[in-house]
Amino acid sequence: MTLPQVLTPAIENAIKTLFDVTIEKVEFQTTRKEFEGDITMVIFPLLKLVKSNPVELGNKIGNYLVENVAEVSRFNVVSGFLNIVIADQYYLNQFAGIKDNATYGFVTPSADEKAVMVEYSSPNTNKPLHLGHVRNNLLGYSVAEIIKASGKKVYKTQIINDRGIHICKSMLAWQKFGANQTPETSGLKGDKLVGNFYVAFDKAYKEEINQLMQEGKTEEEAKKQAPIILEAQEMLQKWEAGDAEVKALWAKMNQWVYDGFAITYKNLGVDFDKYYYESDTYLLGKDVVQIGLEKGIFEKDPDGSVWIDLTDEGLDRKIVLRSDGTAVYMTQDIGTAIQRVKDMQDVGGMVYTVGNEQDYHFKVLFLILKKLGFDWAKNLYHLSYGMVDLPSGKMKSREGTVVDADDLMQEMTATAQKIAEDLGKLEAYSPEEKANLYSTIGLGALKYYILKVDPKKRILFNPEESVDFAGNTGPFIQYTYARIQSIIRKANFDYSNNAQIDILHEKEKELVKQLELFPEVIQNAAQHHSPALLANFTYDLVREYNSFYQAVPILGEEDLEKKKFRVQLSKKVAEVIAASFKLLGINVPDRM
């Protein structure tokens, strides 16, 4: 039981006994650091029910708790706040209850619990994954894992944007400039090879625009009349008509990209349960528009286009079908959401990991699905996130100035290697162990730096800063984990049984208090779709542990029972660090 669960009924009894008053709620908060106490009851709300001053009221309740509640050892009252000091035995009992629990903090989903589908990544097949995709993937994957840990079944999914004019641009450029290159002949990952041709198209397109402008065309005319863009548009029309040759080229080049993505996903440590492809879903939703028209949810304009009027909801009119009968992205998203629930019938909600430039789109989408009467529409969430910037500025994929995800991961590993080598202590490592360690530290630094920030905030990513072994960084936390593993390896005595101690050092007590928060942090992180809550909890836990490590001897302690307890406590801290970092997609090394 948590402290509020223990104290609430006792305080309700105290108030009933002392003042013959029944209260609806007891308000607690964390005791301020300058006062003694483990938890604080706020007295002020009681003053409406009991005529007294807050100090007198607090003293009466405090004395009742000391006399009647075993967990309360003493108290103090500051103004309208009752600071309660909890007996060491409570924390010893709490620790004994979690010490050997391998799944501490995690909730197993019940059989009748509705599943949540989390969508992330969702790239285009005309270029490799870049830094923006990295934040998207890390957020989506971590949120999916956290929701799973909170007690829900989760499906991880993505929708791959594998059709459209941008895909045809890469295809056409490969036909014109590719000389039959393949990933094998070029030595490039497939997504990189295709991305190069997307850049090549843009270069050729700009040259043709400039040529036409020199011939007297306006820029707008030149953009529309450039031969290469007309060829790309013609290729798209052939694709939509099912042209066998175009479809074959499309399938071949897309597969190159998928093979490349698979390597990046593996290196990044993310995975998916189900894939959706826009080439399969782009016609979905049209039938739903017809149903919506019949129900009066949508309205048809004189030109034949279909709209929904959301002005009463503070939004605007939104088109769902063009006058020529073709769908817009909104229509596809409506149809895809419905299809997902048909495919996975236990889905009761969805999380869309998409940048904040699409905030309005998802407000409209969710509102339309609610108006269409889908019960699960109330459980839709847009995991909106800010951009990632580098000190060098913004990225542009068509100009080839993106920060490539693979290159970024390699750079992080190289940075970790340089710092680790400068620190030394790697003489006993084999080359393979060193390579694994550099990767673990480098990727841990990257992931933690991104995930410790609230998703809605924009990030300025500094690779050097992220691999610092001090401060709020992944390597700092990984180093503490490795330090604890060293302690455990050196503990050459049996510490499996409960330690026979009655009094806790203040630093031990603070550590147990921090460990107690873990289950609640997982639930809050799931509810708020925020890995940052978990990341920063882990940092606080590590800071608390390092303070404990500096203040008290562990293996050097002469009293065997105290030594046993401190090793057990260290071991549990390490387990919680590893469990928390696993939810963030971060590995922890046994040695550093």
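Counting begins at 1 with the first residue of the sequence.
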Ignoring hydrogens and geometry, is there a side-chain-to-backbone donor-acceptor pair from [X] to [Y] under 3.5 Å?
X: Arg163; Y: Asp280; result: no
X: Ser580; Y: Val576; result: no
X: Asp301; Y: Asp303; result: no
X: Ser466; Y: Pro463; result: yes
X: Thr353; Y: Glu119; result: yes
X: His361; Y: Met330; result: no
X: Thr326; Y: Arg322; result: no
X: Ser439; Y: Ala435; result: no

Distance (rounded to the nearest 0.5 Å) between [X] [atom1] and [Y] [atom2]:
X: Thr336; Y: Tyr329; atom1: OG1; atom2: OH; answer: 11.5 Å
X: Glu240; Y: Cys168; atom1: CD; atom2: SG; answer: 8.0 Å
X: Asp271; Y: Glu145; atom1: CG; atom2: CD; answer: 7.0 Å
X: Ser121; Y: Leu138; atom1: OG; atom2: CG; answer: 10.5 Å
X: Ser142; Y: Leu451; atom1: OG; atom2: CG; answer: 5.0 Å
X: Gln339; Y: Gln332; atom1: CD; atom2: CD; answer: 13.5 Å

[atom1] of [X]: more than 12 outside heavy atoms within 6.0 angstrom?
X: Glu432; atom1: CD; value: no
X: Lys224; atom1: NZ; value: no
X: Lys192; atom1: NZ; value: yes
X: Glu357; atom1: CD; value: yes

Under 3.5 Å side-chain donor-acceptor pair for [X] and [Y]:
X: Asp162; Y: Thr125; result: no
X: Tyr449; Y: Asn462; result: no
X: Thr538; Y: Asp540; result: no
X: Asp343; Y: Tyr276; result: yes
X: Asn161; Y: Asn126; result: no
X: Gln255; Y: Asp259; result: yes
X: Thr440; Y: Asn587; result: no

Closest heavy-atom contact between [X] and [Y]?
X: Ser530; Y: Pro455; result: OG-CD, 3.9 Å
X: Asp404; Y: Pro128; result: OD2-CB, 3.4 Å
X: Ile209; Y: Ala222; result: O-CB, 3.7 Å
X: Ala204; Y: Ile228; result: CB-CD1, 3.8 Å

Test Met350 against every option in Leu369, Val116, Val341, Val118 by the side chain to side chain contact (heavy atoms under 4.5 Å, CB included) rule and name the one that passes.
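Of Leu369, Val116, Val341, Val118, side chain to side chain contact (heavy atoms under 4.5 Å, CB included) with Met350 is met by Val341 alone.
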
Ion pair [X]/[Y], N-O distance below 4.0 Å:
X: Glu299; Y: Arg317; answer: yes
X: Lys363; Y: Asp359; answer: no
X: Glu220; Y: Lys223; answer: no
X: Lys189; Y: Asp191; answer: yes
X: Lys153; Y: Asp273; answer: no

[X] versus [Y]: any side-chain heavy-atom pair under 4.5 Å?
X: Ile159; Y: Tyr275; answer: no
X: Val134; Y: Leu129; answer: no
X: Lys148; Y: Lys156; answer: yes
X: Phe261; Y: Val257; answer: yes
X: Trp174; Y: Leu249; answer: yes
X: Asp287; Y: Gln290; answer: no
X: Ile146; Y: Pro531; answer: yes
X: Tyr385; Y: Ile459; answer: no

Among all residues two or more places apart in sequence or in another chain, which pass the ring pair (Phe, Tyr, Trp, His ring centres under 6.0 Å) test with Tyr360?
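Partners of Tyr360 under the ring pair (Phe, Tyr, Trp, His ring centres under 6.0 Å) test: none.
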
Dump the intermediate steps for side-chain hydrogen bond (donor to acceptor under 3.5 Å, both in side chains) on Asp333 and Thr331, then the final yes or no.
CA-CA 5 Å; Asp333 282 352; Thr331 325; over 6 Å; no

Within 45° cone of Trp239 ring axis and under 6.0 Å: Lys247 NZ or CZ:
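Geometry flag: set, cation within 6.0 Å and 45°.
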
Run the side chain to side chain contact (heavy atoms under 4.5 Å, CB included) test on Tyr448 and Phe476 for me, step by step, so that the C-alpha distance in whole Å, both residues' side-chain angles and the decisive distance to 0.1 Å come before the verdict.
CA-CA 10 Å; Tyr448 186 82; Phe476 172 69; over 6 Å; no

From CA spacing to verdict: side chain to side chain contact (heavy atoms under 4.5 Å, CB included), Gln233, Ile229:
CA-CA 6 Å; Gln233 289 165 355; Ile229 195 68; 3.9 Å; yes

Going by atom type alone, with no hydrogens or angles, which donor-acceptor pairs under 3.5 Å involve a side-chain atom of residues 370-377 and a protein atom two or more places apart or on another chain?
residue: Lys371; atom: NZ; partner: Glu313; partner atom: OE2; Å: 3.2
residue: Asp375; atom: OD1; partner: Lys378; partner atom: NZ; Å: 2.9
residue: Asp375; atom: OD2; partner: Lys378; partner atom: NZ; Å: 3.2

Centroid-to-centroid, [X] to [Y], below 6.0 Å?
X: Tyr265; Y: Phe272; value: yes
X: Tyr352; Y: Phe366; value: yes
X: Phe197; Y: Phe177; value: no

Quick one: do Tyr277 and Tyr258 satisfy ring-ring contact (aromatic ring centres under 6.0 Å, His included)? Show the steps, please.
CA-CA 12 Å; Tyr277 300 88; Tyr258 301 146; 5.7 Å; yes

Check the pair Met409, Asp406 against side chain to side chain contact (heavy atoms under 4.5 Å, CB included), reporting the backbone distance first and the verdict last.
CA-CA 5 Å; Met409 286 189 278; Asp406 297 313; 3.9 Å; yes

Step-by-step side chain to side chain contact (heavy atoms under 4.5 Å, CB included) determination, Ile419 to Asp468:
CA-CA 8 Å; Ile419 292 173; Asp468 195 341; over 6 Å; no

